[in-house]
There are 4 protein chains.
Amino acid sequence: MAKPTGIEKSDLLTAAKQCLVDKGIEKFTLKAVAEQAGVTQGTIYYHFKTKEQIILEIVQDICENSWNEIMAFDQQMTQSALISAKSRYDNDAFYHKLFFTLIVFGFTNPSIRQQIGQILATENEHLYNGLKKLWDTSPIEGVSLETWSIFFNALIDGLAIQVMMRDDFDVDAFYQQLEKILQTLHHLGK
Amino acid sequence: MAKPTGIEKSDLLTAAKQCLVDKGIEKFTLKAVAEQAGVTQGTIYYHFKTKEQIILEIVQDICENSWNEIMAFDQQMTQSALISAKSRYDNDAFYHKLFFTLIVFGFTNPSIRQQIGQILATENEHLYNGLKKLWDTSPIEGVSLETWSIFFNALIDGLAIQVMMRDDFDVDAFYQQLEKILQTLHHLGK
Amino acid sequence: MAKPTGIEKSDLLTAAKQCLVDKGIEKFTLKAVAEQAGVTQGTIYYHFKTKEQIILEIVQDICENSWNEIMAFDQQMTQSALISAKSRYDNDAFYHKLFFTLIVFGFTNPSIRQQIGQILATENEHLYNGLKKLWDTSPIEGVSLETWSIFFNALIDGLAIQVMMRDDFDVDAFYQQLEKILQTLHHLGK
Amino acid sequence: MAKPTGIEKSDLLTAAKQCLVDKGIEKFTLKAVAEQAGVTQGTIYYHFKTKEQIILEIVQDICENSWNEIMAFDQQMTQSALISAKSRYDNDAFYHKLFFTLIVFGFTNPSIRQQIGQILATENEHLYNGLKKLWDTSPIEGVSLETWSIFFNALIDGLAIQVMMRDDFDVDAFYQQLEKILQTLHHLGK
DNA sequence: CATGAATGAGGCTTCATTCAT
DNA sequence: TATGAATGAAGCCTCATTCAT
């Protein structure tokens, strides 16, 4: 008993994220996390002070790490990649479920809420940088690029909801038309 | 003991909604609902078979009733009313919190998920009807009005998230610029 | 509301017996009895003061009524009818289950225990009367007919247990050999 | 809080048996077991998955352990020891109450019923072995020793019922006459 | 470092019982 | 006479958390 397992905090966080998405908020128990990670409950308490702390660190982790991966598309930004990359169901249902779950946590937990706000701000910024590369100026006068970035970020999240909740949502058809909207906007700017 | 209270199922549902928003998923307990409604836990079980049933009936209730009130703006639909009405924070943070909470419930509960999908479809339809009145044809060729309704519905939900999670979000400034986007789209269609 | 249902105490007792056997002691609830009888729980409280009272009246009912039917075989008493009649599984698994259930109730309820004791005494007496008709004198000197009646009554109950609890119990084979035992005893007495 | 108690599963089972006999099926609560064992309810759930599991393990325990003690008489088997040993009220009212209680549980729980059946089969076997030592051959032609063992086992259980339920049952007088029956059977075999 | 045993508070649920109608 | 709404106590069970080893 009491052998080093070589398990690190990040492993526990990964297990915790998986649990949160798989079981939902109500059944997100430390027992479940421990099982998922292959350790005992006691071990979790060696790494985290409380259950809430785990959730907080998940949020921080997303803020710091996950974002990088998700925003890798930053590089080869094209027209509709703007939106599609983060929204395609297959790629990130997991991420979006996790994200929305944390948002709902945020409703009653100021500290989480604030961090989620921070993440959103960062997302907006990333989109802003992407837009700057694509568009010389805003396609519509009086609408700043900052506003456009918020606009698209909101669109991304809202679409994720539709995709996740509606079985009959035709993602591909929608993106084809979305592409046209973006092209039109692009031409407006010239 | 055991006197009629004159309390009806709808009162319990109202109390339950309030609790769900106030306390969050984890602390959404039947004790809390009972207290909120001014009855005993036993009474709740006289009206609902299980806790899950309460949540299900909340979703159904939203589907059937709440929507009417929220969509009252259907009548005097103007340009940006399209979006703003449902999104203004002060008006319906309650509704949006409730809605997102149920969405997250839906992640792990197929039966709820399906109903939420239904609600989204209905929302899309309402927006579609509003758009038909505003626009003779789609402002952009190849983009159907159905797509636009999904587009705006997603935007509404995504914005709600930003509004709810970010203290520094300047709602008014954003809506002013959103208005311009809508005007531009409107003129495109001519 | 509040219509006479023509339901009488005996109907409720019948329903209660059925529940007791079907659901077992732990799940013997008044709700179950009410459903079985097709009335509401309130109705039960019109006829019985408490749940315990129902059980008590079941015992009394068995003591007074059921016994007559079960002991109808008294008339055509033959050799092994002595035992078989009351023991054949198909005929009275119901009765035996009820009886043993009440016995176990009696372990912790003196008033029930006493009545069960009374029932057993009556059973012994019935068997005694049957034996008197079959045998002029006891087949074994020094063993009274009273003892034989207890002996056979115990055998009947003990066999019922074996029959009820063992799937592989070969009732017919056993009774064939039991018949031989009884015949031998019969001849001993001559 | 949360200090090792040195209590083991077998201690909890012992406490549970005591409760089952003392309080009866209906009042056999985990709270009662916990108090009897001097632990908290939570501790019980650390060792057993459900309440039903406790009952199941009681049955298993009887099957494996108790039997050895009870059947110690196997060694010095004499005539009526055959029956008396297991039946004398003072010795094992506890065991018999427990046993009958479990039988009644078995009525509505197949898994328990099956194990009880197994126990009965084992009892029959033990009696069979005892009989083989006492009797060279069966006292009555056509009646196998297996049948006799079932016969006596049933008698034992049936008598236990009479002894437990009737205050006025004269155990000693009955056993004296039972002895005579056994002697007669013994002589028949010669 | 890590564990397993233990805790106690609290959650969901059932149930006997009551009472106004 | 019968009912349905309501109650509150109690039951089973889960869970975050603690602590000796």
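In the text below, chain A, chain B and the rest are named by the order of the sequence lines, each starting its count at 1.
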Review item, side-chain donor-acceptor pairs of residues 18-35 of chain A, under 3.5 Å, at least two apart:
{"from": "A:Gln18", "atom 1": "NE2", "to": "A:Asp22", "atom 2": "OD1", "distance (Å)": "3.4"}
{"from": "A:Gln18", "atom 1": "NE2", "to": "A:Asp22", "atom 2": "OD2", "distance (Å)": "3.3"}
{"from": "A:Thr29", "atom 1": "OG1", "to": "A:Ala32", "atom 2": "N", "distance (Å)": "3.1"}

Starting at atom [atom1] of [X], determine the distance to atom [atom2] of [N], rounded to an integer number of angstrom.
X: D:Glu35; N: E:dG8; atom1: CD; atom2: P; result: 13 Å
X: B:Phe48; N: E:dT14; atom1: CZ; atom2: P; result: 15 Å
X: C:Ile25; N: E:dC15; atom1: CD1; atom2: C1'; result: 17 Å
X: C:Ile54; N: E:dC15; atom1: CD1; atom2: C1'; result: 13 Å

ask   = Within the pair B:His47 and F:dA6, is there a side-chain N or O less than 4.0 Å away from OP1 or OP2?
value =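 The answer is yes; a side-chain N or O of B:His47 sits under 4.0 Å from OP1 or OP2.
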query = Is it true that the side chains of A:Gln118 and A:Gln114 contain a donor and an acceptor less than 3.5 Å apart?
reply =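 No - no donor-acceptor pair under 3.5 Å links their side chains.
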key: Donor-acceptor side-chain pairing of A:Gln53 and A:Glu57 below 3.5 angstrom   =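 Side chains of A:Gln53 and A:Glu57: pair found under 3.5 Å.
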query = If pairing requires Watson-Crick or G-U wobble contacts with both distances under 3.5 Å, which nucleotide is the partner of E:dA20?
reply =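 Because both required distances fall under 3.5 Å, E:dA20 counts as paired with F:dT3.
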query = Applying a 3.5 Å limit to both distances, which nucleotide forms a Watson-Crick or G-U wobble pair with E:dG8?
reply =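 The base-pairing partner of E:dG8, which may sit in any strand shown, is F:dC15.
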Heavy-atom side-chain proximity of D:Arg113 to D:Phe107 below 4.5 angstrom =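 No, every pair of side-chain atoms sits at 4.5 Å or beyond.
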key: B:Leu12 and B:Val39, any side-chain heavy atoms less than 4.5 Å apart   =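 Touching, per the 4.5 Å side-chain cut-off.
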query = Quick one: what's the B/S/- string for nucleotides 11-16 of chain F, heavy-atom cutoff under 4.0 Å, read 5' to 3'?
reply = SSBBSB
query = Where each residue is assigned the nucleotide of DNA chain E containing its nearest heavy atom, which of A:Tyr46 and D:Ile44 is assigned the position nearer the 5′ end?
reply =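 Nearest-nucleotide comparison on DNA chain E picks A:Tyr46.
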query = So which heavy atom on B:Leu120 is nearest to which on A:Met165, and how close?
reply =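 Residues B:Leu120 and A:Met165, closest heavy atoms: CD1-CB, 3.7 Å.
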